[in-house]
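Keep in mind the model is a prediction, meaning the values are calculated, not measured.
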Amino acid sequence: MRTRQHYISIVQAQPGMVLSANARVVERGFLSLEFPAGHTLTEDNLHQLNAHHAEFIFVERPDTRSDEQV
């Protein structure tokens, strides 16, 4: 199945979503949290992202477009 990358707010993120790019949170110039691309988000991950003040992430979503539309 083909997927597309979507840039979404942490508020829109749900457990089970798959990251399509690394999710990194940098605070005061230091990396404070990171999840790799391909990671499936859990409820705990969402709490961690919120606690570290993450704002947006890239997630994979099914691409329902036809070959002609692509």
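Residue pairs meeting the ring pair (Phe, Tyr, Trp, His ring centres under 6.0 Å) criterion with at least one partner in residues 6-28, sequence neighbours excluded, are Tyr7-Phe56, Tyr7-Phe58. Applying the salt bridge (charged side-chain N to carboxylate O under 4.0 Å, His left out) test to residues at least two apart or on different chains, none of the pairs has a partner in residues 3-19.
Taking the side-chain contact (heavy atoms from CB on, under 4.5 Å) definition, one finds that Gln69 meets it with Arg65, Ser66, sequence neighbours left out. Residues satisfying the side-chain hydrogen bond (donor to acceptor under 3.5 Å, both in side chains) criterion with Gln12, sequence neighbours excluded, are absent altogether. With sequence neighbours excluded, the residues forming a salt bridge (charged side-chain N to carboxylate O under 4.0 Å, His left out) with Arg2 are Asp63, Asp67, listed by chain and number. Applying the side-chain contact (heavy atoms from CB on, under 4.5 Å) rule to Thr3 yields the partners Glu60; only residues at least two apart in sequence or on another chain are considered. Every salt bridge (charged side-chain N to carboxylate O under 4.0 Å, His left out) that Arg24 has, sequence neighbours left out, goes to Glu34. Under the rule for a side-chain contact (heavy atoms from CB on, under 4.5 Å), the partners of Pro36 that lie at least two apart in sequence or sit in another chain are Asn22, His39. Residues that satisfy the side-chain contact (heavy atoms from CB on, under 4.5 Å) test with Ala51, not counting sequence neighbours, are absent from this structure. Contacts of Glu55 classified as side-chain hydrogen bond (donor to acceptor under 3.5 Å, both in side chains), with partners at least two apart in sequence or in another chain: none.
Once rounded to the nearest 0.5 Å, the distance linking NE2 of His52 with CD of Gln48 reads 6.5 Å.
Here Leu31 sits in one hydrophobic cluster together with Val26; the rule is ILVMFWY side chains under 4.5 Å apart, joined directly or through other members. Within the hydrophobic cluster formed by Ile, Leu, Val, Met, Phe, Trp and Tyr side chains joined at under 4.5 Å, directly or through other members, Ile57 is accompanied by Ile8, Ile10, Met17, Leu19, Val25, Leu33, Phe35, Leu41, Leu46, Leu49, Val59.
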